[in-house]
Structure formats: structure tokens, C-alpha cells
J.: 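Before I ask anything, here is the structure I am working with.
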Amino acid sequence: GVVAAGALLGAGFERISLRADHSVAFEAGANLVSTSARGPLQSVVLDAPLISLNDGGVHLVRANHVGLGQFSPAVPNRAPLADATRGSVVGAQGGLSGEGVLGVSAGLIEVSGDVGIQGAKTTVLDATLDRQGGNTRTNGEVRFVGAREINSKELKGQLSYAGALLVRAGQAYATTLSDFDVVGFQGPTGTSVFSLLAPERGSSSQAPLSALASLSLKSDTVYIDGLI
């Protein structure tokens, strides 16, 4: 189906959740950013194994909470994904690269399950959004959440991207018992880059309530100047 982003925002919705079995795709000019003076949207969840940019343009998602990936059905009953919709498989087949830019701004960003960013040369996950819509938060989080598929006891996940991924947050971590990979594939320049940066004023994050988790970063270049 097709949903006009402007119609959703114009109707005054504060919480937006879009679910698809294959992909949530952004067409030309589509952004999920509040147009009111009340501040950012409360929540935007893009519940799909692929987040696609179809026009090579710049697309923005801004809310206090943003979720990317697989959040339904209930984790214990999740059926296996077809290979054609697995971000990890599409990435390995060279199907993620593009010329677009995806900018996600929130106070809390959750990435769940096997999800790929398709059609972007640059992806930004910026967890410094404050309640007034500025970027002064120093304790924002990017959480990587493993999902359990049917007949499996493991909580696994992978964020696949092509080109550059920039994460800015007070801290980034995998949630309890999650085995999560962040994997960069070749973009238009032929290489992949992962960067983790602290907020401009430093991090004020406290240790998260997470245990027995694994977070692996796989890219041609990995740059860490923040808190994991």
C-alpha cells in the first residue's frame, strides 16, 4: 500500500507505526518529521526487514522514539524471513547500495532483528534529540535488539547498510542476551565506514540494564569516539 507522509503528519498523529512484510519505502519528498510547534513526534516505528530509499534523495525521521526493523509479530512466535527480505542476505548479494541519505533523529533509537537499509550511501542514527526538538541530549541511546525466530532459542539480529553509518549517542549497546551484528557492505565509493560518536557535550549515560549480550561491528573502517 501507499501512505502519504504529509497526510499522516497533517492529521496530527503523534505516534506512527508502519508495518510491512517486505519493506517500508520512502519515495521522493517523504519525511516523518513533526510540522507542529509542539515539538517532535512521540514515536515512529518502521516495522519491516528492509527500509528502502527509492529516489536517491535525503529522507528524515524525527521523533522522541524511533524503531527500525522487526517488532511484530510477538518475538517468541516470529516466523523465519524469506531470504529475499533479509537485510543480511540482500546486503551480501550487493542489493543495498544507493545514492540516498537516511537521517534518523531521536532520544531513543531501537534497531531490532535482521534489518537492512537499502538505497542509502549514508545512514545517520542520531540519539541526541531533546524534548524541544534540539540536539542537546547527552544520554540518548541506540539499542540493538535481537529477535527470536520460530524453533530458535537465540536472540539474533543484524543491521546491514552500504557505504557509511554514523551513530551519535550517549551510548550504544545490545540488549540482554542479544547477539547482534552491525555489518557494512560496499557503497558507491567501494568501501564501508562505521563511526560511533559521543554527543558534542559528552555523554552523561549511566550503565544500561543489559547482560550476556554480544555486539559485533564489521566494516572496512570502524571509528569509535563514543561509548559502547
Side-chain angles (χ1 to χ4, degrees), residues 3-19 24 26 29-48 51 53 57-72 101-113 115 117 120 122-145 157 159 161 164-176 178 180 182 194-210 213 215 224-228:
V3 178
L8 289 174
L9 299 171
F13 291 109
E14 290 293 320
R15 299 179 184 273
I16 298 171
S17 180
L18 303 176
R19 180 179 181 271
V24 171
F26 287 83
N31 298 292
L32 293 172
V33 177
S34 175
T35 57
S36 76
R38 292 176 294 181
L41 298 170
Q42 290 301 310
S43 177
V44 173
V45 176
L46 305 181
D47 185 351
I51 311 300
L53 311 185
V58 177
H59 297 277
L60 305 176
V61 179
R62 183 180 300 153
N64 292 319
H65 163 257
V66 173
L68 305 174
Q70 300 168 267
F71 294 89
S72 60
V101 175
L102 176 62
V104 177
S105 180
L108 169 61
I109 299 173
E110 293 183 298
V111 183
S112 179
V115 56
I117 309 299
T122 301
T123 301
V124 179
L125 304 181
D126 186 344
T128 64
L129 185 70
D130 58 42
R131 290 286 182 176
Q132 290 71 43
N135 292 99
T136 65
R137 184 184 294 273
T138 59
N139 63 347
E141 295 184 343
V142 176
R143 297 176 184 169
F144 298 102
V145 185
L159 172 59
Y161 67 95
L165 173 61
L166 169 63
V167 176
R168 185 185 296 275
Q171 62 183 352
Y173 62 94
T175 57
T176 296
S178 293
F180 207 100
V182 179
F194 173 88
S195 301
L196 173 64
L197 304 179
E200 290 185 2
R201 297 190 298 171
S203 172
S204 62
S205 295
Q206 303 298 313
L209 297 176
S210 177
L215 178 61
I224 305 295
D225 189 19
L227 181 62
I228 297 179

J.: Judged by modelled atom types alone, do Thr136 and Asp130 share a side-chain donor-acceptor pair under 3.5 Å?
T.: yes
J.: Hey, are the side chains of Asn64 and Ser43 touching, using non-hydrogen atoms and a 4.5 Å cut-off?
T.: no
J.: Tell me, with the steps shown, if Phe26 and Val58 meet side-chain contact (heavy atoms from CB on, under 4.5 Å).
T.: CA-CA 10 Å; Phe26 287 83; Val58 177; over 6 Å; no
J.: As an exercise, state the distance from CG of Leu8 to CD1 of Ile16, rounded to the nearest 0.5 Å.
T.: 5.0 Å
J.: What residue among Ile117, Val66, Leu165 forms side-chain contact (heavy atoms from CB on, under 4.5 Å) with Leu125?
T.: Leu165
J.: Please report the interatomic distance CG(Leu18) to CG(Asp47), rounded to the nearest 0.5 Å.
T.: 9.5 Å
J.: Would you name the heavy atoms of Ser210 and Thr175 that are closest together and state the gap between them?
T.: OG-C, 3.3 Å
J.: Contact between Phe194 and Leu166 at the side-chain level, heavy atoms closer than 4.5 Å - yes or no?
T.: no
J.: Under 4.5 Å between any side-chain heavy atoms of Ile228 and Leu215, yes or no?
T.: yes
J.: I want to check something: taking the side chain as every heavy atom from C-beta on, are Val111 and Phe180 in contact at a cut-off of under 4.5 Å?
T.: yes
J.: Main chain of Pro199, side chain of Thr128: is a donor-acceptor contact present, judged purely on distance under 3.5 Å?
T.: no
J.: Treating Glu141 as the side-chain partner and Gly107 as the backbone partner, does any N or O pair qualify as donor plus acceptor under 3.5 Å?
T.: no
J.: So do Leu60 and Leu32 actually touch side chain to side chain, heavy atoms under 4.5 Å?
T.: no
J.: OG/Ser34 to CD/Glu14 distance, rounded to the nearest 0.5 angstrom?
T.: 6.0 Å
J.: Please confirm whether the backbone N or O of Gly170 pairs with a side-chain atom of Ser203, one donor and one acceptor, at under 3.5 Å?
T.: yes
J.: Is there a donor-acceptor contact under 3.5 Å from the side chain of Arg62 to the main chain of Val33?
T.: no
J.: Considering only heavy atoms from C-beta outward, does the side chain of Leu41 approach that of Leu9 to under 4.5 Å?
T.: yes
J.: For the atom pair OG (Ser205) and CG (Asn139), what is the distance rounded to the nearest 0.5 Å?
T.: 5.5 Å
J.: Testing the basics here: between Gly29 and His59, what is the closest heavy-atom pair and its distance to 0.1 Å?
T.: N-CE1, 4.0 Å
J.: Check step by step if side-chain hydrogen bond (donor to acceptor under 3.5 Å, both in side chains) holds for His65 and Gln42.
T.: CA-CA 6 Å; His65 163 257; Gln42 290 301 310; over 6 Å; no
J.: Applying side-chain contact (heavy atoms from CB on, under 4.5 Å), run through Phe71 and Val45 and close with a yes or a no.
T.: CA-CA 8 Å; Phe71 294 89; Val45 176; 3.8 Å; yes
J.: Given side-chain contact (heavy atoms from CB on, under 4.5 Å), test Val115 with Ile51 step by step and report yes or no.
T.: CA-CA 8 Å; Val115 56; Ile51 311 300; 4.2 Å; yes
J.: Considering the options Ile109, Asn135, Val104, which one meets the side-chain contact (heavy atoms from CB on, under 4.5 Å) requirement together with Asp126?
T.: Asn135
J.: Taking atom CG of Asp225 and atom OG of Ser195, what is their separation to the nearest 0.5 Å?
T.: 9.5 Å
J.: Work out which heavy atom in Asn31 is nearest to a heavy atom in Ala5; give both atom names and the distance.
T.: O-CB, 3.5 Å
J.: Nearest 0.5 Å, please: how far is CZ in Arg168 from CZ in Arg137?
T.: 15.0 Å
